[in-house]
2 protein chains.
Amino acid sequence: MLTIGKLSRTAGVKVPTIRYYEEIGLLPEAERSAGNQRLYGTATMDRLTFIRHARELGFTLEAIRDLLSLSDTPDQSCAAADQIAKAQLVAVRDRLARLRALEIELERMIAQCAHGTIADCRVIEVLGNHDLCGHAHNASDHPSL
Amino acid sequence: MLTIGKLSRTAGVKVPTIRYYEEIGLLPEAERSAGNQRLYGTATMDRLTFIRHARELGFTLEAIRDLLSLSDTPDQSCAAADQIAKAQLVAVRDRLARLRALEIELERMIAQCAHGTIADCRVIEVLGNHDLCGHAHNASDHPSL
DNA sequence: TCTAATGTCTCTAGCAACTAGAGGTTCAAG
DNA sequence: CTTGAACCTCTAGTTGCTAGAGACATTAGA
């Protein structure tokens with residue numbers, strides 16, 4: 001049985017984060033020692049590793065909750081999990097496209113900086129003047145980047 | 001003079017967001033009408049447009065605060081603004097690299113989904129088993145993606 | 001066996017960057 | 001003059017944690 005600290009180091013997830021996951025129901029309530037400290041077995045260890053990997057891949061905790069409930073009932077179709085991953089891929093490609101545009105814009109801004117005074121600095125100017133922007137962006141263009 | 005609603009539509013920033021920006025000091029306190037409603041001139045309009053563009057480019061509100069304080073004193077060197085933009089570019093490229101790795105991983109997961117039952121679904125498996133992951137990731141690998 | 005250090009407990013509050021809603025006031029059009 | 005949209009302030013919620021206070025548990029060394 002692992003203490004929360006050992007679980008933390010083994011899974012690469014911080015201690016308060018583990019407690020947080022328990023609080024929101026992503027992890028089951030842990031067993032307790034005689035002195036009320038949390039104790040974990042390998043099942044929770046695996047579950048936590050699953051969560052960490054999913055987080056690293058950009059899944060929200062809600063998506064992870066769905067994936068976990070799927071894997072808790074493994075006899076059904078894979079289609080739902082597949083669906084979640086595909087939605088995730090769409091979101092990732094969306095973010096990628098926006099970030100690439102952003103990279104180009106920043107490169108342009110920096111290239112145009114003449115190292116004079118701010119009065120003629122394009123970094124400021126580009127941000128203040130839409131006409132200089134170089135790419136089209138509209139109001140609904142940045143939900144969370 | 002614009003009301004907050006007109007400013008909102010013109011600048012493409014939602015009404016509560018404008019009030020929020022005022023509250024945290026990004027926008028100056030607005031003039032008020034006889035009936036206590038906010039009124040804006042073109043100066044605030046420009047400032048708000050600046051903020052929106054900077055947000056769309058991924059600058060944090062803190063970075064924007066810095067940029068605004070720079071542009072409020074335009075007789076100094078451009079270097080500071082340049083510096084902020086460059087730091088931003090580094091962060092953007094970082095996010096890009098991670099997102100590209102993530103895209104590849106998701107593509108691989110989806111390609112491997114055999115459309116069977118979850119018991120042998122790779123989407124679940126890949127997330128639970130580090131060995132199948134295909135790329136190296138360590139614990140300090142995802143500050144905000 | 002005692003003690004000191006480290007680990008753990010619960011609880012509250014905070015972060016970014018907003019968004020949503022309640023309950024009330026003001027303004028503009030018909 | 002009335003109606004309805006737009007505005008006001010205030011509080012609380014969102015996501016995914018992180019930080020700190022103050023108290024209890026455990027463990028390693030003297």
Side-chain angles (χ1 to χ4, degrees), chain A residues 1-27 29-40 44 48 50-68 88 91 95 139-145, chain B residues 1-27 29-40 44 48 50-68 88 91 95 139-145:
Chain A
M1 285 300 214
L2 301 168
T3 62
I4 198 169
K6 273 174 196 150
L7 177 65
S8 166
R9 282 186 293 278
T10 320
V13 176
K14 286 180 189 155
V15 168
T17 306
I18 295 170
R19 289 198 276 249
Y20 170 71
Y21 287 166
E22 178 181 320
E23 190 190 320
I24 64 170
L26 268 192
L27 292 178
E29 291 196 16
E31 280 181 60
R32 298 298 180 119
S33 72
N36 199 35
Q37 301 195 349
R38 289 175 179 82
L39 293 175
Y40 299 95
T44 305
L48 187 54
F50 181 101
I51 294 169
R52 176 164 78 87
H53 288 163
R55 288 293 298 135
E56 283 169 358
L57 289 176
F59 289 88
T60 64
L61 292 183
E62 266 327 289
I64 293 169
R65 198 187 291 277
D66 290 347
L67 286 170
L68 282 170
Q88 197 59 24
R95 275 187 272 170
S140 63
D141 205 15
H142 69 119
S144 93
L145 275 171
Chain B
M1 287 300 218
L2 300 167
T3 64
I4 199 170
K6 272 173 197 150
L7 177 66
S8 167
R9 282 186 292 279
T10 321
V13 176
K14 287 180 189 155
V15 168
T17 305
I18 296 171
R19 290 198 275 248
Y20 170 70
Y21 287 164
E22 178 180 321
E23 190 190 319
I24 64 170
L26 268 193
L27 292 178
E29 291 196 16
E31 282 180 58
R32 299 298 180 119
S33 72
N36 199 35
Q37 302 197 348
R38 289 176 180 81
L39 293 176
Y40 298 94
T44 305
L48 187 55
F50 181 102
I51 295 170
R52 177 164 79 87
H53 288 163
R55 289 293 299 134
E56 283 168 359
L57 289 176
F59 290 87
T60 65
L61 292 183
E62 266 326 289
I64 292 168
R65 200 187 290 279
D66 290 348
L67 286 170
L68 282 169
Q88 196 60 25
R95 275 188 272 170
S140 62
D141 205 16
H142 68 117
S144 92
L145 275 172

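Letters go in sequence order (proteins before strands), and every chain restarts at 1. Owing to the predicted nature of the structure, the values given are computational and were not obtained by experimental measurement.
Taken to the nearest 0.5 Å, the CG atom of B:Leu2 stands 10.0 Å off from the CZ atom of B:Arg9. To the nearest 0.5 angstrom, B:Thr60 atom OG1 is 8.0 Å from B:Asp66 atom CG.
Residue contacts shown for A:Ile24 are absent, as no nucleic acid heavy atom lies under 4.0 Å away. If you check every strand for non-hydrogen atoms under 4.0 Å, B:Arg32 touches sugar and phosphate atoms only.
Residue A:Glu31 contributes atom CD, which lies 13 Å from atom P of C:dC9 at whole-angstrom precision. Residue B:Glu22 contributes atom CD, which lies 19 Å from atom P of C:dA17 at whole-angstrom precision. The CD1-P distance, from A:Ile51 to D:dG16, rounds to 12 Å in whole Å. Going from atom CG of A:Asn36 over to atom C1' of C:dC11 covers 14 Å, rounded to whole Å. Rounding to whole angstrom units, CZ of residue B:Arg9 and C1' of D:dC7 are separated by 12 Å. Rounded to whole Å, atom P of D:dA25 lies 17 Å from atom CD1 of A:Ile4. Across the protein-nucleic acid pair, A:Leu48 atom CG and D:dG16 atom P stand 16 Å apart, rounded to whole Å. Per the geometry, CD1 belonging to A:Ile18 stands 15 Å off C1' belonging to D:dG16, to the nearest Å.
Two residues, A:Lys6 and B:Val15, neighbour DNA chain D, and the one matched to the more 5' nucleotide by heavy-atom proximity is B:Val15. Between B:Thr3 and B:Tyr20, it is B:Tyr20 whose nearest contact on DNA chain C lies nearer the 5' terminus. For the pair A:Arg19 and B:Leu61, both in contact range of DNA chain C, the more 5′-proximal nearest nucleotide belongs to A:Arg19. The 5' end of DNA chain D is approached more closely, in terms of each residue's nearest nucleotide, by B:Leu39 than by the other of A:Glu62 and B:Leu39.
When all heavy atoms are compared, the tightest approach of A:Val13 to A:Ser8 is O-OG, 2.7 Å. Nearest heavy atom pair, residue B:Glu22 against residue B:Tyr40, reads OE1-OH, 3.8 Å. Heavy-atom minimum distance, B:Ile24 versus B:Leu61: CD1-CD1, 3.8 Å. Scanning all heavy atoms of the two residues, the minimum distance from A:Tyr21 to A:Arg55 falls at OH-CG, 3.9 Å. Closest approach of B:Leu39 and B:Ala30 over heavy atoms only: O-CB, 3.9 Å.
Using a 4.0 Å cut-off, no side-chain N or O of A:Thr60 falls inside it from OP1 or OP2 of D:dT15. Phosphate contact (OP1/OP2 of D:dA25, side-chain N/O of A:Arg38, threshold under 4.0 Å): absent. For the OP1/OP2 pair of D:dC17 and a distance below 4.0 Å, the side-chain nitrogens and oxygens of A:Lys14 include no atom meeting the criterion. Residue A:Tyr21 has no polar side-chain atom (N or O) positioned under 4.0 Å from OP1 or OP2 of D:dG16.
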For this session: Might you work through the salt bridge (charged side-chain N to carboxylate O under 4.0 Å, His left out) test for A:Glu62 and A:Arg65, ending with a clear yes or no?
Result: CA-CA 5 Å; A:Glu62 266 327 289; A:Arg65 198 187 291 277; 3.0 Å; yes

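Between the axis at the start and the axis at the end of the helix from C:dT1-D:dA30 to C:dG30-D:dC1 there is an angle of 0°, using five pairs per end and rounding to 10 degrees.
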